[in-house]
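In what follows, every heavy atom counts, from backbone to side chain, and hydrogens, waters and symmetry copies are set aside. Numbered from 1 within each chain, the chains take letters A, B, ... in sequence-line order.
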There are 2 protein chains.
Amino acid sequence: MAGFLGDLRVVEVSAFIAAPIGGMTLAQMGAEVIRIDPIGGNIDYRRWPLAPTGTSLYWTGLNKSKRSVALALHKPEGREIARALICAPGEGKGILLTNLPASGWMSHAELSKHRADLIMMRLTGNHDGSGAVDYTVNCASGFPTATGSGGEPVNHVLPAWDIAAGLYLSTGLLAAERARRRDGQGREVTLALSDVMLASVATLGYVADVQVNNSVRPPMGNDLYGAWGRDFPTKDGRRVMVCAISNRQWAAVGKATGLAEKIAMIGPMLDVDLNDEGGRFEARHAINAVLAPWFAKHTLAEIGEAFAGTGVLWGPYQDFGQLVREDARCSTANPMFSQISQQGVGEILAPAVPLGFAERAPAAPAPRLGEDTDRVLAEVLGLTTSAIGKLHDAGTIAGPQE
Amino acid sequence: MAGFLGDLRVVEVSAFIAAPIGGMTLAQMGAEVIRIDPIGGNIDYRRWPLAPTGTSLYWTGLNKSKRSVALALHKPEGREIARALICAPGEGKGILLTNLPASGWMSHAELSKHRADLIMMRLTGNHDGSGAVDYTVNCASGFPTATGSGGEPVNHVLPAWDIAAGLYLSTGLLAAERARRRDGQGREVTLALSDVMLASVATLGYVADVQVNNSVRPPMGNDLYGAWGRDFPTKDGRRVMVCAISNRQWAAVGKATGLAEKIAMIGPMLDVDLNDEGGRFEARHAINAVLAPWFAKHTLAEIGEAFAGTGVLWGPYQDFGQLVREDARCSTANPMFSQISQQGVGEILAPAVPLGFAERAPAAPAPRLGEDTDRVLAEVLGLTTSAIGKLHDAGTIAGPQE
C-alpha cells in the first residue's frame, strides 16, 4: 500500500465517528488498520443514512481503506484472537485504538502482559471515564447558545467534537509510536471527548473572555465576531458569505462592489476606524446596510464574476445537493476525490486523506464486515487454513457478511 | 521539556487558527515549536477577544508553549535568518509549518536548496491555491442550511474546519517525519481547508446520500438524525440535551423518567420498532410528546439526580459563562487544566493538550512576541551576543514587544 505509513499496524476496536476517523486517517496514509468487530457488526454498523440495500453510508464512509475482522468477542476464544492481533510482535505493531470501555481483557494492564510495549489509544466521554457523546458535550460547550440569532440554543449538525477527537487520536498515536521507537516504552494515551471541547473553547479565548472580561459571547446570527463578514441574499434567491480579515481583503470588497466611497463615509459618521478589523466589526450594521442592496441586485453568477480575481473572500451557500451537483471541488476534478465501487452502495465519489503528498493513494472502499478475517489470521497470526476452518466451525470467527 | 516529542523542532510561520493549533498541539506534547512573526506581529496578533490591556486572548490561547521569534521578514536579511532556522540541521529538525503563501524564498523548491530533506506542511484555502477561510468554506459545506429549524442558513460559531485542519497538519507532520526517518526523504505536504470540509462531508455519508438516495438532509432543529435525541426545557428555565444511541441507553431513559410503559405504547400506535434506532427516529415526535412534560416538571438539579448512575446520555446546555463558572470539568479539578499567568492577560485557566499520557506537561503560557528571538538565534544558529546585538541595531530582529 502506498503512503507514508507502510509499516505501521493499528488494531481498531471501535464504533461511531471519532475513533474510526482516527484509524481511517492513518489507513489512508498507508497504515494497516485492522478493525475488529463482533460477528454481525458493532452498534454503528446500521447507522443512518442507509443505501437502499440497507448498507450504511455512514459506516462505509468512516471505515474506508481498513481491513475488517469479525470475531465472537463475547466468547473467550474470540477475545484471545483479538488479543493476539493487538499484541502481535513487530516494530510499528502493537497499537490499539479504541473508544470502547477498556476494562477486563481489553484493559491496558491485561494487554500489556502480552506485549510490554503496547501503545493503547483510548477515547472516553469524560476524563473520569463517564459517558458522553458529541451531542451531550456540545450542549455544554457554550456554542449552541451563541449560534443563530438568539432565543433557543442551536445544535451544530457537523459532529465537530468527534472529528477533532479522531484527529487528536491519530496525532497522539503517531507521537506515542515515535516515542516508543526512541525509548522502547509502551504507553496508554487517553482522550476525553469533553476535554477536546474544553481545550478548544479555552484555546479560542472564550474561557479567558469570561475570566478576564466577564464577557459571555452572545449570538450574533451569521456575523463574524471581531472582524467584518456576514451573509447576503442575492437577486436569484441564493445567498453568499462575504468577509474581510485583512485590510487588503477589506479594500477588495469596496473596489469589487464599486461602493468604496460610500463605505468610506461610515468611518467619520460613526467615529470608527475602518482600517481596523475591530472598527469594522463595530460598524458592521452600517457596512451591511450599504452593501446589502448591491447583493440583492445581482445574481450569484454575477457576484462570482464581479469577485473573480479581486481577492474578495467569499463563498456561496449550498445545501448538500448543491455541493455535490454544482461545486467542482466536490468532483473528480479535485485530486482528492475518486470514483469508487462500494459494496452494497454502488459507484460513489470518495475522498482520499485530505493531506496531499506525492505518495497519496486514491480512496479505497470500506471492507465488508469480516472481509479480511481469514487473510488477517493467516498473515498476522500464521494460522493454517485448517485452523481457520475450525474457528469458523466453532463460530469464533466469521467471514464476509452482508 | 517533558513529553513525547522532545527532539522534534517545528518552525511555524503562520496566522489565525489552523496552523497555530497544529503547532501548539505538537508543542504541548513536548516539541520545540518556534513561531516566526514579522516585527510588530502578524495579522492575527490583535485579533479579538482582547484583554483590557489590548493583549489578544485569541493569539495567546492559540500559541501556548511555543517560542516566539520576531524578524524583519520584509527584508532579505530577515528572511535569511528565517531560512536558516527552518533549514537548520539535525534529526527531527528541518520542518516548516505554514499557512502563508509559500512562494519566493518560502517555497519548497527554494528552501529545499538549503536542506534537501526539508518537510514542509502547507495549508491553503482551496486545493488550487486560491483563498478560503472557515467562514467561506462552511457556507458551501451544506451544514448551515441543515442547521436550526429551517429558513435562513445558520453559520456555526465554532471554527470547526480550522480546528480539524490544524489536527490534520499535526497528524501529517508526524507521518512525514516518520517517513523521513525511514527513507531520508523530505516532502511537501499540502492541505486545503476546503478539502478538510469536503472529506468530512463525504466521510459522514452526506455525499453518498445525495448520489445514491437523491436525498438532501433537511434542517431538523436540535433533533438527532437517525436515532433519538433532542433538547428539553426544564422547570427552572434551563435546557438539557438527552439522547439514546444504544438500546441500553434507550431503556435507561424510560426507566429513569418512569415513563417506560407510556413510551412502549408508541410502538404499536405508530407501527414502529422502538428497539431500533431508526424506529426511534421515525417516532421521535411522539416520544418527545411523552417526555417533554416530565422535563418541564423537573429542575435541572432534579434531572441530574434522576439520571445519575442510570446510563442516560444527557447534558445541560450552558453558555460560556455557565461553562466556566458551573462546570467542574472546566476547572483545575480536571487534570487537563491548570492556572497559568499569561503576560498581558493575568491568571487564567489554561488547558494542556487534551491527550492524556504519563509525561503530559501542564499548560505553559504563550510567549510575548519576540520573547525568544535572542535565545533561539544563539541556540539554533550559534550566533554570538555581539552578532545578535548588530541584528537588533540593524532592525533585522526584535526582542520582546508589547
Are the side chain of [X] and the backbone of [Y] linked by a donor-acceptor contact shorter than 3.5 Å?
X: B:Gln211; Y: A:Leu349; result: yes
X: A:Asn213; Y: B:Leu50; result: yes
X: B:Asn334; Y: A:Asp195; result: no
X: A:Asn222; Y: B:Asn155; result: yes
X: A:Arg182; Y: B:Phe4; result: yes

Which residue out of [options] racks up the most heavy-atom pairs below 4.5 Å with chain A?
options: B:Gly148, B:Ala140, B:Gly226, B:Pro316; result: B:Ala140
options: B:Pro351, B:Ala175, B:Gly172; result: B:Ala175
options: B:Ala208, B:Gly221, B:Gly22; result: B:Ala208
options: B:Thr147, B:Thr171, B:Leu26; result: B:Thr171
options: B:Gln185, B:Arg187, B:His156; result: B:Arg187
options: B:Met220, B:Met24, B:Glu347, B:Arg329; result: B:Arg329

Quick check: do [X] and [Y] have side-chain heavy atoms less than 4.5 Å from each other?
X: A:Pro159; Y: B:Leu204; value: yes
X: A:Tyr168; Y: B:Leu167; value: yes
X: B:Ile348; Y: A:Val207; value: no
X: B:Thr203; Y: A:Tyr58; value: no
X: B:Arg217; Y: A:Pro49; value: yes
X: B:His127; Y: A:Pro335; value: yes
X: A:Thr190; Y: B:Leu355; value: no
X: B:Val324; Y: A:Tyr206; value: no

Please state whether the side chain, the backbone, both or neither of [X] comes within less than 4.5 Å of a heavy atom of chain A.
X: B:Asn63; answer: neither
X: B:Gln342; answer: neither
X: B:Ala350; answer: neither
X: B:Val154; answer: both
X: B:Arg180; answer: neither
X: B:Ala176; answer: both
X: B:Cys330; answer: both
X: B:Ala227; answer: both

Please round to the nearest 0.5 Å and tell me the distance separating atom [atom1] of [X] and atom [atom2] of [Y].
X: A:Ser194; Y: B:Asp327; atom1: OG; atom2: CG; result: 8.0 Å
X: A:Phe143; Y: B:Tyr317; atom1: CZ; atom2: OH; result: 14.5 Å
X: B:Leu158; Y: A:Ser141; atom1: CG; atom2: OG; result: 7.5 Å
X: B:Trp48; Y: A:Ser215; atom1: CH2; atom2: OG; result: 10.0 Å

Residue A:Glu152 excluded, over 12 heavy atoms near CD under 6.0 Å:
no
For A:Arg46, is there an ion pair with B:Glu277 - N to carboxylate O distance below 4.0 angstrom?
no
Intermediate values then yes/no, side-chain contact (heavy atoms from CB on, under 4.5 Å), B:Arg178 and A:Leu8:
CA-CA 10 Å; B:Arg178 185 180 192 281; A:Leu8 192 72; 3.5 Å; yes
Under 4.5 Å from any heavy atom of chain B, what part of [X] do you find: side chain, backbone, both or neither?
X: A:Pro144; answer: side chain
X: A:Thr60; answer: neither
X: A:Thr145; answer: side chain

Would you tell me whether B:Tyr135 and A:Asp231 have side-chain atoms, one donor and one acceptor, within less than 3.5 Å of each other?
no
Per-residue tally against chain B (heavy atom, under 4.5 Å) across A:Asp7, A:Leu173, A:Asp223 peaks at A:Asp7
Does the side-chain contact (heavy atoms from CB on, under 4.5 Å) test come out yes or no for B:Phe337 and A:Leu198, once each step is laid out?
CA-CA 9 Å; B:Phe337 279 111; A:Leu198 291 157; 3.9 Å; yes
